[in-house]
Structure formats: C-alpha cells, structure tokens
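What follows is a set of notes on a single structure, which appears directly below.
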Amino acid sequence: MRGDQMPGASPRGTYLLIADALRKEIREGRIVKELPSEAALMRDHGVARTTVRRALDILQKEGLIHSAPGVGRVVSDGTERRPLVERMRDLFAERGLSVGDAFPSEARLCDEFGVSRTAVRAALSTLEGQGLLEAVHGKGRFVRALPRPVVNS
C-alpha cells in the first residue's frame, strides 16, 4: 500500500496491515537492508507514529528486523526471513513431535534461532493462541495439537 493511505478503521488493526505490507516487501526483496524511517512510513501509510511503531515492533519480535544504532531499523541478517512463529511451527514436523510431547524450552529456542527471549515468547504465545501448545506452570510447554500444513497459493 505504499503511496496510498491506509483504509479507514480496520477490524484487523491498521498496524497489522502495515506489518504485513512491510513483511511482504522484505520477503520479495524490495527491502533488503534499511527500512524506511518512521516519518516516511507515517507519510506513506497516512498513520500516526504509534501505529508505525506497533507495526515495527511486531516485525522486530518476529526476528525479521532489528534496530541498528545510528542507522534505524534494518532487515535481520541470515538467509531465513520467514517470521519466527513460522520457523517454530516447522519444529513439530522436523522433530516428529506428537500431541503430549514437550516443546523445546525458551532458552533452547533462543539459542537455536538466535533471537531474544521476547521474540521467542511472542512466537510461543501465538502458537498457544492457535491451540498448538499448552503451557504447564513449572513444567514447560507441551504439544496440544499438530499444525495443519500450510498451503501456498
């Protein structure tokens, strides 16, 4: 939606639409290093700074972008550019997990994916919200259901 203003109030949330648009530009290689400034994103999408920051926070929690001192926000290094939650969904099949199995710990996921605990917790929360994981206080997270295969169209 670059160059166009965001449509009126969205039931999904304008910041989510902006995050989706930026994610798509990164995946398609239209943004490969530095993201546009907050001011440019505000102007391009016709939204307030807080809306832009919420969108950028989502991408940062996913591990897709990070802040670089003196530069701004940049696309994270590494060849894997899919959102962290998608990469974590892959673990079900890669590890042959079944319903009731323990899911890797936050610390192990941080090490494995090279992201912050905040990013891991956000992805785990999403997987819990999708009904795939269940957190058991003091015990960890366990597989509650297996993800359905993603069909790319």
Side-chain angles (χ1 to χ4, degrees), residues 6 10-38 41-42 45 47-153:
M6 285 276 136
S10 165
R12 182 157 186 252
T14 303
Y15 72 100
L16 294 172
L17 297 173
I18 294 170
D20 288 345
L22 291 170
R23 191 180 297 109
K24 182 177 179 183
E25 288 186 49
I26 291 169
R27 283 189 186 147
E28 293 177 352
R30 289 184 277 155
I31 298 176
V32 294
K33 191 159 173 79
E34 297 175 18
L35 273 74
S37 67
E38 288 181 3
L41 290 170
M42 289 168 50
H45 296 285
V47 297
R49 186 174 304 272
T50 55
T51 303
V52 167
R53 285 186 175 165
R54 286 181 76 186
L56 295 172
D57 285 346
I58 288 172
L59 299 178
Q60 191 158 340
K61 286 178 182 174
E62 291 175 355
L64 200 58
I65 64 172
H66 65 275
S67 291
V71 178
R73 289 190 178 84
V74 297
V75 176
S76 295
D77 294 336
T79 56
E80 182 62 72
R81 294 207 172 142
R82 290 181 308 141
L84 180 60
V85 71
E86 286 181 24
R87 293 184 280 155
M88 287 174 57
R89 282 175 62 101
D90 290 347
L91 293 179
F92 290 87
E94 290 171 4
R95 304 225 172 133
L97 296 174
S98 299
V99 173
D101 288 348
F103 201 74
S105 68
E106 288 180 8
R108 177 167 282 171
L109 293 167
C110 288
D111 289 340
E112 187 169 331
F113 292 107
V115 296
S116 70
R117 190 166 288 246
T118 301
V120 166
R121 285 182 177 162
L124 288 169
S125 177
T126 298
L127 293 174
E128 288 171 12
Q130 293 172 349
L132 300 176
L133 294 178
E134 180 178 17
V136 178
H137 185 71
K139 304 256 186 211
R141 287 180 178 82
F142 296 87
V143 177
R144 183 173 176 200
L146 297 176
R148 292 185 181 160
V150 177
V151 178
N152 293 328
S153 48

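- Within the 4.5 Å cutoff, the side chain of Ile31 has heavy atoms near those of the Pro36 side chain.
- Counting heavy atoms of neighbouring residues, nucleotides and ligands inside a 6.0 Å radius, atom CZ of Arg108 does not exceed 12 of them.
- What you find for Pro104 and Leu91 is that their closest heavy atoms are CG-CD1, 4.4 Å.
- Between atom CG of residue Leu127 and atom CD of residue Glu86 there is a gap of 10.5 Å, rounded to the nearest 0.5 Å.
- Between Leu97 and Phe103 there is a side-chain heavy-atom pair separated by less than 4.5 Å.
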Which side-chain N or O atoms in residues 114-121 pair as donor and acceptor under 3.5 Å with protein atoms at least two apart or in another chain?
residue, atom, partner, partner atom, Å
Ser116, OG, Thr118, N, 3.4
Ser116, OG, Ala119, N, 3.1
Arg117, NH1, Glu106, OE1, 3.0
Arg121, NE, Glu106, OE1, 2.8
Arg121, NE, Glu106, OE2, 3.3
Arg121, NH2, Glu106, OE1, 3.2

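- Residues Leu22 and Leu59 approach most closely at CB-CD1, 3.6 Å, considering heavy atoms.
- Salt-bridge annotation for Glu112 and Arg95: present, with a side-chain N of the basic residue lying under 4.0 Å from a carboxylate O of the acidic one.
- With rounding to the nearest 0.5 angstrom, the CZ atom of Arg49 is 4.5 Å from the CE atom of Met42.
- Counting heavy atoms from C-beta on, the side chains of Thr126 and Gln130 come closer than 4.5 Å.
- Looking at every heavy atom in both residues, Phe92 comes nearest to Pro147 through CG-CD, 3.5 Å.
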Discussion item. Run the side chain to side chain contact (heavy atoms under 4.5 Å, CB included) test on Leu132 and Val143 for me, step by step, so that the C-alpha distance in whole Å, both residues' side-chain angles and the decisive distance to 0.1 Å come before the verdict.
Written reply: CA-CA 6 Å; Leu132 300 176; Val143 177; over 6 Å; no
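- Between Ile18 and Thr51, the closest heavy-atom pair is CD1-CG2, 4.0 Å.
- Here the CZ atom belonging to Arg73 is positioned 6.0 Å from the CG atom belonging to Asp57, to the nearest 0.5 angstrom.
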Discussion item. I'd like to know whether Leu133 forms a side chain to side chain contact (heavy atoms under 4.5 Å, CB included) with Phe142, so could you lay out the CA-CA distance, the side-chain angles of the two residues, the decisive distance to 0.1 Å, and finally the verdict.
Written reply: CA-CA 6 Å; Leu133 294 178; Phe142 296 87; over 6 Å; no
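- Each of Leu84, Ile26, Ile58, Val75 was checked for a side chain to side chain contact (heavy atoms under 4.5 Å, CB included) with Leu64, and the lone residue meeting it is Ile26.
- Of all the heavy atoms in Arg89 and Arg148, the pair that sits closest is NH2-O, 3.2 Å.
- The salt bridge (Lys or Arg N to Asp or Glu O under 4.0 Å) contacts involving residues 127-139 comprise Glu128-Arg141, where partners must be two or more places apart or lie in separate chains.
- A salt bridge is absent between Glu62 and Arg27; no separation between the charged side-chain nitrogens and carboxylate oxygens falls under 4.0 Å.
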Practice prompt. Applying salt bridge (Lys or Arg N to Asp or Glu O under 4.0 Å), run through Arg23 and Asp20 and close with a yes or a no.
Written response: CA-CA 5 Å; Arg23 191 180 297 109; Asp20 288 345; 2.6 Å; yes
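- Using a 4.5 Å heavy-atom threshold, the side chains of Met88 and Leu124 count as touching.
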